[in-house]
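Step one of this worksheet: look at the structure below.
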Amino acid sequence: MSTAPASIATTSACGKVILLGEHAVVYGVPALCGALSRGAEVRVVPGEGRLSVPAWNLITPTAKELEEGVADSSLAQAYAAILRALPMGLPRPDAFDFVAQFSLPTGAGLGSSAALAVALVRAIGVVGNAGLGRPLSGSEIAAAALAAEQVFHGQPSGLDHTLAQHGGFGLFCRGKGLAPLSLDRARSSVSLCIGHTGRARDTKGRVARVAELYRQDEVAVRQRFDRIAALVERAASAIQRGDLATLGDAMNENQAELACLDVSCPEIETLCDLARQAGALGCKLTGGGGGGCVVALAPGREADVKAAWQRAGFASFQVEVGS
Ligand code: MEV
């Protein structure tokens, strides 16, 4: 009987949900977002420097092979990018394997790739810190995780790996980081329903599509980003006052803007319609779009929203943000 090798260490990082502002955040508009308690976990076991993701049936070449230039998948390219971005002096992890698992749907716009990247960097740090003579700093972890995110997503805003690393809830602004927001005193968190289209999100493709629209008509797309910025501001102030009706309206309006940016899809629209019919105050796509997940705000009606989605064949779960 074969048993799994005992773990030497386990590291983890958070997933995330964007309430408003995805895509516009790439162009400098703040996004209202929060970390999820679910995310990715990486176990360190004795091995030869490979990263494996059993849920994806993927195992990469060793770190030594990757250094020699053998990257056969985007997972391997992301792992190689992390190894290249880590500080000189951190020993190559030749005597360990890294086994990743997720506690949220992957490829769904919920930040699983960033959570994997941060947890992996932390795991490489755990086994290499002694050789380096000090722990990896926060900015070294961020730089290596960003290198992996660039492999997965092109030129990301940095929102996903910032929340994966630090957690929190608030307004993320590209180049500035997360400005935390507190909820009104009556509430310790906000409950959200997440519904899955059943289709993989297409962050890279949708970000490229928005860039194409931007090139075609910069003025019109800028005006749309300005409207999204105003919605984000309205939503941030509403959530601080506990005005969930205004927050929900802002989410619905943001979804309309996102659809005009060509980042929605029929399943997203169906999930949003079903959620609103079942009593949600607001519903929109979250993350890259083109598939992936929607987020619905339905205080006291969460069970109705999830039941409506389930009847239509969509999987869902509930999360809390802001605590
Ligand atoms: C990805 O979670 C959200 C996008 O805004 C891309 C990014 O911020 O890098 C679509």
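For the single chain, residues carry numbers from 1 onward in sequence order. Note that ligands are numbered from 1 as they come in the structure, with each ligand's atoms numbered from 1 the same way. Everything numeric here is computed off the predicted structure, so don't read it as measured data.
In terms of protein heavy-atom proximity, atom 3 (C) of ligand 1 is nearest to Ile18 CD1, 3.8 Å. Of all protein heavy atoms, the one closest to atom 6 (C) of ligand 1 is Val26 CG2, 3.8 Å.
Every atom of ligand 1 with a heavy atom of Val25 under 4.0 Å away is listed here by number and element: 5 (O), 8 (O). Taking every non-hydrogen atom of Pro156 and a distance limit under 4.0 Å, the qualifying atoms of ligand 1 come out as 9 (O). Contact atoms of ligand 1 toward Glu22: 5 (O) (distance under 4.0 Å to a heavy atom of the residue). For ligand 1, the atoms sitting less than 4.0 Å from at least one non-hydrogen atom of Asp160 are 1 (C), 2 (O), numbered in the order shown with element in parentheses. Close approach to His23 involves these atoms of ligand 1, each under 4.0 Å from a residue heavy atom: 4 (C), 5 (O), 10 (C). In summary, the atoms of ligand 1 found under 4.0 Å from a heavy atom of Ser157, numbered by their order in the structure, are 7 (C), 8 (O), 9 (O). Short contacts between ligand 1 and Gly288, defined as distances under 4.0 Å to a heavy atom of the residue, involve ligand atoms 10 (C). If you number the atoms of ligand 1 from 1 as listed, the ones under 4.0 Å from a heavy atom of Lys16 come out as 2 (O).
The closest approach between a heavy atom of Glu149 and any atom of ligand 1 is not below 4.0 Å.
Ion pairing between a basic and an acidic side chain is recognised when a charged N comes within 4.0 Å of a carboxylate O; Arg215 and Glu212 show no such pairing. Comment: Lys284 engages Glu22 in a salt bridge, judged by a side-chain N to carboxylate O separation of less than 4.0 angstrom. Between Asp160 and Lys16, at least one side-chain nitrogen of the basic residue sits less than 4.0 Å from a carboxylate oxygen of the acidic one, meeting the salt-bridge criterion.
Ring geometry for Phe225 against Tyr214 counts as parallel: the plane angle stays under 30°, on a 0 to 90° scale with 60° as the upper cut.
Connectivity analysis of hydrophobic side chains (ILVMFWY, heavy atoms under 4.5 Å, direct or indirect) links Met88 to nothing; its cluster partners are none.
At a threshold of 4.5 Å between non-hydrogen side-chain atoms, the residues Lys64 and Glu48 do not count as touching.
Heavy atoms of other residues, nucleotides or ligands lying less than 6.0 angstrom from CD of Gln310 number 12 at most. Within a 6.0 Å radius of CD in Glu233, no more than 12 heavy atoms belonging to other residues, nucleotides or ligands are found.
Using a 4.0 Å cut-off between heavy atoms, Val263 makes no contact with ligand 1 at all.
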